[in-house]
Amino acid sequence: MGDVYISGAAMTRVGRREESLPDLMAEAGRGALAAAGLERPDALVISAMNPEEFVGEGNFASHVATHLGLARVPSLRIETATSSGAAALFAAYAALKAGLHRTVLVVGGEKMTHLPTPRVSEVISRSIDPHERSYGATMPALAGLVARAWMGKTGASLRDISVVAVKNHANGAKNPLAHYREPVSLETVLESRLVADPLRLYHCCPISDGAAAVVVRAERTPVRIAGIGQGSDYLALRYRDVFTGFRATRQAARAAYRMAGFGPERVGVAELHDAFAPFELISMEDTGLAPSGKAARMVAHGETALDGRLPVNPSGGLKARGHPLGGTGVAQVVELYWQLTGQATGRQVSARVGLAQSIGGLATSNWVTLLEAA
Amino acid sequence: MSVAKPPNIEAGPPSAGAVVDAAPATAPRDPGTAPAWAAAIAASHCARCGRTCAPPARYCPDDGSAMTPTTVPAHGEVVSFTTLYSPPTGFASPLHLALVELSGGAKFFCHGAGTKGLRLGARVTIEAVDDIYYFSTLSLAGRAALFWRRRAETATGRISAFAKSAAKLLQRTP
């Protein structure tokens, strides 16, 4: 079969939203269909990490399909924890590649801010190994363990990881759809309260509501999905051999580059999964965008800023654009599509190839997607 | 590949397990090498790939082989550690967590009394208190802090637990 293309993208403003999750997903879905000039896709792929517990809705693909007025369109829901959106794009890609459909609408989203933070944290923690959870492990705790091990190996400092948050807030300030639109100072990050030592509050992404959508199709458009790869790792952190990077990202990147037929040297813009600030640095190294141990220096030298050689997270990333779990993997691709088609007003960079990297759980199911402008 | 159920393996949480004698359950203890006080941690071993899991797992996470029960020494090196300031319901803040590479090969998730002055690669010993595993540095002060931290316990319980731990330390010190 031929190539797979993106023909339209849309997303909601991310943040604390009053609308229901189906409303948010319909807003994004309708926006993407309109952008693609498409009335009815052949199929609908939905991603949401846990609508059952966050909003009390089940059979969610059918729910969203009906809400979108696409009840007659076959729909399914994909879930790989916090990387569900990237996985949904993969499902659509595979269906097109197999020749099963010609157009697929992918919609990802989550709604959490209506719940108390400890409850949100508890639901997110379900993606952690049960034994480690029984010891009180949460996502920030596991991220703290990984961050300390990685900092120990690379010599990266607290300042190095904090610069990432400052950069992403600066980018978010230029993105009208971002959760946080205020720049923050290095001092604010360094002085914010400890969450999971060495991680402080401003190293962690917020709890966000929001949805994002893209239309993928078999007909040629200006943006092609050049490669898409998945990588996996043990659910339990204690089974892993490497703590100073994520095997799942490395595996996903290898698969995506192999499919694309090119390597990291052609990537001109990246959206990385900075759920915790050091993850952006780790992910730069895992995807080959930075040599091992050199990511902190690249960021410190401004190479990944909006006007740098390789802008990373022009949207503001998970840190500032926000992290509506099941929506995030799609939102990354929306940003890259806008960047590659010159629609990223206020934060436009110059690039022909974009890389999106999404982490599922504590890096148990990660995805790397490569988009190429025609 | 054998998929037979191995005996004496507990799978699933909370799988803290029990402290058992150092010698593997399958072999008779050699009194010359395994003194009565030498605690070890219940684990499982994969005959096919050599992986050891602690606490024991029913099947090897790598190749799905049924694992054999074994034990590993209750000490090792700190791979990483953190202190959580907003722990989940049921845990006191701050919650100190560490990942320790046991001398027997498995990495092990445990609590601790504190992480002040702790370094990556530090040697720690691991003990179970009420079926929950704690790491501690080998100092008397570290042990005292560990047992003093247990809020739920009576004062006598704390003192007796600390005395037992200190006695172990004295026996272990050459």
Side-chain angles (χ1 to χ4, degrees), chain A residues 116-126 128-155 192-201 203-204 207 232-244 247 276 278 362 364, chain B residues 10-17 41 43-44 46 49 51-57 60-62 76 78-102 105-112 114-116 118-122 131-135:
Chain A
T117 301
R119 171 69 181 152
V120 172
S121 188
E122 182 192 356
V123 173
I124 295 175
S125 296
R126 303 222 202 287
I128 296 171
D129 168 77
H131 172 72
E132 292 174 4
R133 210 185 329 142
S134 77
Y135 270 70
T138 58
M139 288 306 235
L142 297 184
L145 289 170
V146 170
R148 190 188 299 282
W150 178 81
M151 289 164 80
K153 176 203 155 206
T154 59
S192 58
R193 68 177 169 83
L194 272 169
V195 172
D197 192 24
L199 300 176
R200 291 172 178 271
L201 183 65
H203 296 132
C204 309
I207 291 167
S232 63
D233 210 336
Y234 307 103
L235 187 63
L237 209 61
R238 66 186 183 282
Y239 291 165
R240 301 184 193 178
D241 300 319
V242 179
F243 292 90
T244 51
R247 182 179 84 183
F276 303 96
L362 209 283
T364 64
Chain B
E10 291 282 317
S15 41
I41 291 167
S44 60
C46 175
C49 72
R51 171 183 285 277
T52 305
C53 292
C60 176
D62 274 310
V78 172
V79 174
S80 195
F81 59 92
T82 189
T83 301
L84 193 55
Y85 291 88
S86 308
T89 315
F91 294 89
S93 178
L95 177 66
H96 306 287
L97 293 164
L99 196 60
V100 175
E101 178 150 22
L102 300 173
K107 293 186 189 75
F108 195 66
F109 213 82
C110 50
H111 285 171
T115 55
K116 204 177 175 188
L118 189 66
R119 288 171 175 278
L120 299 180
D131 283 347
I132 301 292
Y133 285 94
Y134 292 83
F135 70 88

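Reminder, nothing fancy here: chain letters follow the sequence lines and each chain counts from 1. Bear in mind that the values here come from a model prediction, so they are computed numbers and not experimental data.
- Contact annotation for B:Leu120: only side-chain heavy atoms (C-beta onward) come within less than 4.5 Å of a heavy atom of chain A.
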Q: For side chain to side chain contact (heavy atoms under 4.5 Å, CB included), just list the numbers for B:Leu118 and B:Phe135, CA-CA rounded to whole Å, side-chain angles, deciding distance to a tenth of an Å, and then say yes or no.
A: CA-CA 11 Å; B:Leu118 189 66; B:Phe135 70 88; 3.7 Å; yes

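- When heavy atoms are compared at a cutoff of 4.5 Å, A:Phe243 approaches chain B solely by way of its side chain, counted from C-beta outward.
- For chain A, the nearby part of B:Ala54 is the backbone; its heavy atoms alone come within less than 4.5 Å.
- Residues that satisfy the salt bridge (Lys or Arg N to Asp or Glu O under 4.0 Å) test with A:Arg247, not counting sequence neighbours, are A:Asp233.
- Contacts between B:Pro61 and chain A at a heavy-atom distance below 4.5 Å involve backbone atoms as well as side-chain atoms.
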Give every donor-acceptor pair under 3.5 Å between a side-chain atom in residues 136-147 of chain A and any protein atom, sequence neighbours left out.
{"from": "A:Thr138", "atom 1": "OG1", "to": "A:Ala141", "atom 2": "N", "distance (Å)": "3.3"}

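- Heavy atoms closer than 4.5 Å to chain A are found in the side chain of B:Phe91, but not in its backbone.
- Within the 4.5 angstrom heavy-atom criterion, atoms from both the backbone and the side chain of A:Glu132 approach chain B.
- Only the backbone of A:Arg240 has a heavy atom closer than 4.5 Å to any heavy atom of chain B.
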Q: Any chance you could lay out the side chain to side chain contact (heavy atoms under 4.5 Å, CB included) test for A:Tyr135 and B:Ile132, step after step, and finish with the verdict?
A: CA-CA 8 Å; A:Tyr135 270 70; B:Ile132 301 292; 3.8 Å; yes

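- One side chain, B:Asp62 or A:Tyr234, offers a donor N or O that lies under 3.5 Å from an acceptor on the other.
- Note: B:Ser86 OG to A:Arg193 CZ = 5.0 Å, rounded to the nearest 0.5 Å.
- Contact of B:Arg119 with chain A is not made at all, since no heavy-atom distance falls under 4.5 Å.
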